[in-house]
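First up is the structure itself, then whatever we jot down about it.
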There are 2 protein chains.
Amino acid sequence: MRSSADFELMLRGAELRVTRPRLAVLAAVHDHPHADTDSIIGAVRRELPEVSHQAVYDVLRALTTTGLVRRIQPSGSVARYEARVGDNHHHVVCRSCGSIADVDCAVGHVPCLTASNDQGFSIDEAEVVYWGMCPACSAPS
Amino acid sequence: MRSSADFELMLRGAELRVTRPRLAVLAAVHDHPHADTDSIIGAVRRELPEVSHQAVYDVLRALTTTGLVRRIQPSGSVARYEARVGDNHHHVVCRSCGSIADVDCAVGHVPCLTASNDQGFSIDEAEVVYWGMCPACSAPS
DNA sequence: CCCTTTCCTTGAATAGTTCAAGATTGGGTT
DNA sequence: AACCCAATCTTGAACTATTCAAGGAAAGGG
């Protein structure tokens with residue numbers, strides 16, 4: 001758990017103005033890993049009830065662009081955000097309930113995978129999504 | 001390029017009724033790998049002008065459910081479909097223009113990757129998306 | 001050839017996200 | 001401390017991809 005002062009430094013480090021909506025969104029993403037936009041709006045409004053949804057969308061975009069948060073969006077899901085950035089970790093997604101958990105990099109380097117034939121593309125990231133069933137959904141009811 | 005008779009056999013093999021919309025969608029997906037729904041609707045209507053968009057959505061869902069086509073949806077993209085199924089290959093996506101190309105499996109087995117810590121999930125598939133720039137977009141203009 | 005079930009058409013609804021215009025505010029400068 | 005301007009936020013509407021729902025059409029087994 002980080003303090004508001006930490007978030008302020010992170011924003012200044014990214015050359016973003018320090019505003020209350022931004023501090024609140026940053027805190028919400030840190031507190032609720034893999035939360036979708038709606039959940040983040042809810043968390044932010046617990047502290048700043050008047051924040052518009054558009055502001056949250058704008059802030060999330062700014063934070064994503066500067067790399068302070070990472071946006072993930074498995075097929076069939078809405079956009080989700082997390083604060084764990086820079087370590088190229090991956091995700092497991094439950095096919096049944098959609099819950100997401102972190103998985104460390106399969107090999108240990110960034111990027112941790114190399115395409116066997118890159119089709120002439122210059123590749124800068126390998127994103128892995130593991131699909132399966134979470135413990136709760138695979139448990140006999 | 002497969003014939004209409006092949007597509008008919010594929011549908012029957014999947015226990016789906018053989019209809020003209022389904023044959024046309026199947027042909028369109030085979031002819032236009034990684035096409036989005038709108039492109040597929042366009043391709044289908046070149047042959048069957050009266051097909052509704054809802055029919056195409058329904059058919060794509062049926063084909064995806066039975067495994068005759070595969071649905072892919074990189075972050076920020078609409079749903080796309082391809083007919084190459086069952087070999088667990090992966091994709092490179094251009095950050096600039098969104099174009100997609102196939103990449104063979106990084107290791108060669110299905111699933112070709114194993115999560116280092118699976119968080120208790122039972123994993124049945126590892127999906128890899130390589131992000132980068134396609135040859136056209138990275139060329140000096 | 002008929003009947004049942006599946007499929008397609010038509011039309012409307014929905015959710016998530018973005019666009020646009022104007023008001024507010026952060027923070028560098030005077 | 002007051003000023004200024006670009007960046008940010010509010011308000012409200014628009015948009016797109018997709019899904020829902022009800023009724024008509026047609027596939028294919030009997």
Side-chain angles (χ1 to χ4, degrees), chain A residues 4-5 7-26 28-29 34-45 47-66 68-69 71-81 98, chain B residues 4-5 7-26 28-29 34-45 47-66 68-69 71-81 98:
Chain A
S4 181
F7 296 138
E8 182 171 341
L9 285 174
M10 293 168 69
L11 288 172
R12 293 198 194 282
E15 300 191 342
L16 291 174
R17 288 190 180 174
V18 179
T19 67
R20 298 217 278 174
R22 282 180 176 173
L23 290 172
V25 169
L26 210 36
V29 175
H34 313 135
D36 60 24
T37 311
D38 223 47
S39 306
I40 293 170
I41 291 173
V44 166
R45 285 187 178 156
E47 193 176 344
L48 296 172
E50 303 303 321
V51 174
S52 66
H53 74 122
Q54 185 60 50
V56 175
Y57 273 100
D58 286 348
V59 170
L60 286 171
R61 168 171 300 205
L63 297 180
T64 302
T65 302
T66 57
L68 289 183
V69 308
R71 175 185 167 127
I72 56 179
Q73 189 174 18
S75 291
S77 167
V78 298
R80 293 162 176 274
Y81 297 87
Chain B
S4 182
F7 297 138
E8 182 172 341
L9 283 175
M10 293 169 71
L11 288 172
R12 293 197 193 283
E15 300 190 343
L16 292 174
R17 287 190 181 174
V18 178
T19 68
R20 298 218 277 174
R22 285 181 173 170
L23 290 171
V25 169
L26 210 37
V29 175
H34 313 136
D36 60 23
T37 311
D38 222 47
S39 306
I40 293 170
I41 291 172
V44 167
R45 285 188 178 156
E47 193 176 343
L48 296 173
E50 303 303 322
V51 173
S52 67
H53 74 120
Q54 186 60 51
V56 175
Y57 274 98
D58 286 348
V59 170
L60 286 171
R61 167 170 300 206
L63 296 180
T64 302
T65 302
T66 56
L68 289 184
V69 308
R71 175 187 169 125
I72 56 180
Q73 188 174 21
S75 291
S77 168
V78 298
R80 292 162 176 277
Y81 297 87

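Lettering of chains follows the sequences in order, A, B, ..., and the numbering in each one begins at 1.
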Just grab all the salt bridge (charged side-chain N to carboxylate O under 4.0 Å, His left out) pairs involving residues 9-26 of chain B, residues at least two apart or on different chains. B:Glu8-B:Arg12
Check side chain to side chain contact (heavy atoms under 4.5 Å, CB included) between B:Ser52 and all other residues, then give those that pass, not counting sequence neighbours. B:Gln54, B:Ala55
Taking the side chain as every heavy atom from C-beta outward, state whether B:Leu11 and B:Leu68 have any pair of such atoms under 4.5 Å apart. yes
Please identify each residue that fulfils side chain to side chain contact (heavy atoms under 4.5 Å, CB included) with A:Thr64, with sequence neighbours left out. A:Val69, A:Arg71, A:Tyr81
A:Ala62 near the nucleic acid: base, sugar-phosphate alone, or nothing, with a heavy-atom cut-off under 4.0 Å? nothing
Do side-chain atoms of A:Thr66 reach the backbone of A:Ala62 as a donor and acceptor pair under 3.5 angstrom? yes
Take nucleotides 4-14 of chain D nucleotide by nucleotide from the 5' end and write B, S or -, depending on whether a protein heavy atom sits under 4.0 Å from the base, only from the sugar-phosphate, or from neither. --BBSSBBB--
Show your reasoning for whether side chain to side chain contact (heavy atoms under 4.5 Å, CB included) applies to A:Val18 and A:Leu23. CA-CA 7 Å; A:Val18 179; A:Leu23 290 172; 3.9 Å; yes
Could you check B:Leu16 against B:Val59 for side chain to side chain contact (heavy atoms under 4.5 Å, CB included), going step by step and ending with a plain yes or no? CA-CA 10 Å; B:Leu16 292 174; B:Val59 170; over 6 Å; no
Using five base pairs at each end to define the local axes, how bent is the helix from C:dC1-D:dG30 to C:dT30-D:dA1, to the nearest 10°? 30°
Contacts satisfying side chain to side chain donor-acceptor pair (under 3.5 Å) that involve residues 35-45 of chain A (not counting sequence neighbours) are A:Asp36-A:Ser39
Phosphate contact (C:dT18 OP1 or OP2) by A:Tyr57 side-chain N/O below 4.0 Å: no
Is the phosphate of C:dG16, meaning OP1 or OP2, less than 4.0 Å from a side-chain N or O of A:Thr37? no
Whole-Å distance between C:dT25 P and A:Leu23 CG? 16 Å
